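Each remark here refers to the structure printed beneath this line.
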Amino acid sequence: MIAMSASNFRVSEDLRWRGLIYQVSHDQVIDLIDNGEAVAYIGFDPSGDSLHVGNLIQLLNLRRLQLAGNSVIALAGGATGMVGDPSGRSQERNLLDQDVLESNVAKIRVQLGKFLDFESKSAKAHLLNNADWLSNYSILNFLRDVGKHITVNQMMMKDSVRVRLDERDSGLSFTEFSYMLLQAADFAHLSDTYGCNLQMGASDQWGNVVTGIELIRKTRQRSVYGVTSPLLLKADGTKFGKSVNGGVYLDPERTSEYEFYQFFLRSPDQEMSQLLKFFTFFSRDETQDLIDSSIQRPEEREAQRALASSMTELVHGSDGLAMAVNASEALFSDDLYSVDDRALSMALAGAPRSVIARDLLIQTANIVEFILGAGLVTSKSEARKLIQQGGLYLNNRRIEDDQRVVTLDDLLGIGAVLLRKGKRDYLLVDAK
RNA sequence: GGGUCGGUGCCCGAGCGGUCAAAGGGAGCAGACUGUAAAUCUGCCGGUUACGCCUACGUAGGUUCGAACCCUACCCGGCCCA
């Protein structure tokens, strides 16, 4: 599967073929990474308590480099998160509480760690938090060590800043303006203490990366490099990574294994080539076969299946994948009643679920109240509209009447009721 | 601190005394078509005890029979000046 060990393998070629290289600061980077001499770092923003599929691309890039023999550093931005990166943002962000931030960092560290190999002797991996060196950096020293070497003129030229200055009704605070200096200081610190010589990131990080390179060149007379990867956009040009219930996260508490699998399974045909290249570790041949299949027999969705399986397994392990696949098959089977209860119960272990009081069913509950209580809809009018429009299914049977009541008789053998909104938004409701 | 422009529903954006739950667009939701795809078409898109009522147009007051629209103060943002 992971065709990394072949002696003639060159990561740079692989990355380029995958379309993962957008900008490169110096051509030397290519040799550096091909020879396994890079010590590469990528920073991750802890503004949420879980990484999402967008971050995953970057994290996998780090993994790709490590598999090719380079050392890597995953950095959680415990300090920079306190300030907020203006890159790619059209609005000033709100500051996060310190304790929220700390708990986010703790959770993200765990996720980051899962994708790197800490055992390797030659290709080392480090997991760091920049709060460890930035928190106690005195402002005076910072201004002298870092600020002195970067002119405001340069900073103003950066896209992330310029966009905000040109913007009609949102400004840019000094705090966010300073962000790139903090990131530059990180790079310098990592260069000093870990021999870090390469910073990577998504293309919106280019300005920050370059600032770090500048700083190190001026203050350390040392050459370090930068590489960015393109921002992944959907075929229609909008942001990638949104599903029915918001973002797609790596944390199963936020995005269940089933939902995660489904997200990739539903990928549009048009995006398959790019998604396979960005996310998977399939070889060139394997990838090409999948792309061909997708073009010739799109209705089979072979590529989607391969992508979804591969990603789910990578993030949630083989158990997680099994749960996701079982739940998917059970939920999308034509006749739910034909599946025996035991199998159903197992299969639906990974399905989205909620709980409702059994007593409610004993007294019989109105369908509208029932689905509201279950959390399938957020108001009674939404519930009624859903039914009127023919979008509500109970145990895979369409409900036409909003006066319908739900009773114990509606419980499947597994002691739960299966609700469905629209074509594919399922919710299993346990009666307890 | 002064001047000036602005703050409208999830977002963008009209409205500028009644006919405004508020045009239009986007997003979202549902339906049809299909392959759990895309595109397209249709309907919905504040809540509710549902042709009524409640909540909403930065916040608090005021004028008026009646305000998102007028007045006052305050808060927040942009720009310019100091």
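Note that the structure is a prediction, hence the values are computed from the model and not measured. Residue numbering restarts at 1 for every chain, and letters A, B, ... go by the order of the sequence lines. Note that these values count all heavy atoms, side chains included, but never hydrogens, waters or copies made by symmetry.
- Here A:Leu386 contributes atom CG and A:Ser381 contributes atom OG; the two are 11.5 Å apart, rounded to the nearest 0.5 Å.
- Qualifying side-chain hydrogen bond (donor to acceptor under 3.5 Å, both in side chains) partners for A:His52, counting only residues two or more places apart in sequence or in other chains: A:Asn55.
- When the P atom is compared between B:rU63 and B:rC53, the two are found 24 Å apart, to the nearest whole Å.
- Annotated as syn: B:rC51, whose glycosidic dihedral is within 90° of 0.
- Ring centers of A:Tyr258 and A:Tyr426: at least 6.0 Å apart, outside the cut-off.
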Any N/O pairs under 3.5 Å between the protein and nucleotides 37-40 of chain B? List them or say none.
from: B:rA37; atom 1: OP1; to: A:Arg424; atom 2: NH1; distance (Å): 2.3
from: B:rA37; atom 1: OP2; to: A:Lys423; atom 2: NZ; distance (Å): 3.4
from: B:rA37; atom 1: N3; to: A:Asp269; atom 2: OD2; distance (Å): 3.4

Would you give me the side-chain donor-acceptor pairs under 3.5 Å for residues 147-154 of chain A, sequence neighbours excluded?
from: A:His149; atom 1: NE2; to: A:Asp145; atom 2: O; distance (Å): 3.3
from: A:Thr151; atom 1: OG1; to: A:Gln154; atom 2: N; distance (Å): 3.1

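- The partner of B:rC29, taking Watson-Crick or G-U wobble pairs whose two distances both stay under 3.5 Å, is B:rG43.
- Between B:rC45 and B:rG28, the two C1' atoms lie 8 Å apart (nearest whole Å).
- Applying the Watson-Crick and G-U wobble criteria (two distances, each under 3.5 Å), B:rC70 pairs with B:rG62.
- Side-chain contact between A:Arg162 and A:Met156: absent, with no pair of heavy atoms (C-beta onward) separated by less than 4.5 Å.
- Seen from the ring of A:Phe332, A:Arg424 does not count as a face-on cation partner, given the 6.0 Å and 45° thresholds.
- Between B:rG13 and B:rA27, the distance separating the two C1' atoms is 14 Å to the nearest Å.
- Nucleotides B:rG3 and B:rG52, compared at atom C1', are 49 Å apart to the nearest Å.
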Between the protein and nucleotides 9-11 of chain B, which nitrogen or oxygen pairs are less than 3.5 angstrom apart?
none

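- When the C1' atom is compared between B:rG35 and B:rC20, the two are found 44 Å apart, to the nearest whole Å.
- Look at the P atom in both B:rG25 and B:rA73: the space between them is 39 Å, to the nearest Å.
- Residue A:Glu300 is classed as having no contact, given no heavy-atom separation below 4.0 Å to the nucleic acid.
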Below 3.5 Å between N/O atoms, which protein atoms pair up with nucleotides 44-49 of chain B? Just atom names and distances, please.
from: B:rC44; atom 1: O4'; to: A:Gln389; atom 2: OE1; distance (Å): 3.4
from: B:rG47; atom 1: OP1; to: A:Ser379; atom 2: OG; distance (Å): 3.2
from: B:rU48; atom 1: OP1; to: A:Lys380; atom 2: N; distance (Å): 2.8
from: B:rU48; atom 1: OP2; to: A:Ser381; atom 2: N; distance (Å): 2.9
from: B:rU48; atom 1: OP2; to: A:Ser381; atom 2: OG; distance (Å): 2.2
from: B:rU49; atom 1: OP1; to: A:Lys380; atom 2: NZ; distance (Å): 3.1

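- Under the side-chain hydrogen bond (donor to acceptor under 3.5 Å, both in side chains) rule, A:Tyr393 has a single partner from A:Lys423, A:Lys421, A:Arg398, which is A:Arg398.
- Contacts of A:Leu386 with the nucleic acid, taken as non-hydrogen atoms under 4.0 Å apart, involve only primed sugar atoms and P, OP1 or OP2.
- Of the N and O atoms on the side chains of A:Gln183 and A:Gln205, at least one donor lies less than 3.5 Å from an acceptor on the other residue.
- Ring planes of A:His189 and A:Trp133: parallel class, angle under 30° (limits at 30 and 60°).
- With both ends at atom C1', the span from B:rC65 to B:rC80 equals 44 Å, rounded to whole Å.
- Nucleotides B:rG24 and B:rU72 are separated by 34 Å at their C1' atoms, to the nearest Å.
- With sequence neighbours left out, A:Arg353 forms a salt bridge (Lys or Arg N to Asp or Glu O under 4.0 Å) with A:Asp430.
- Listed for the A:Asp251 side chain is no donor-acceptor partner under 3.5 Å among the backbone atoms of A:Ser50.
- Within the model, atoms CD of A:Glu400 and CG of A:Leu392 stand 10.0 Å from one another, a figure rounded to the nearest 0.5 Å.
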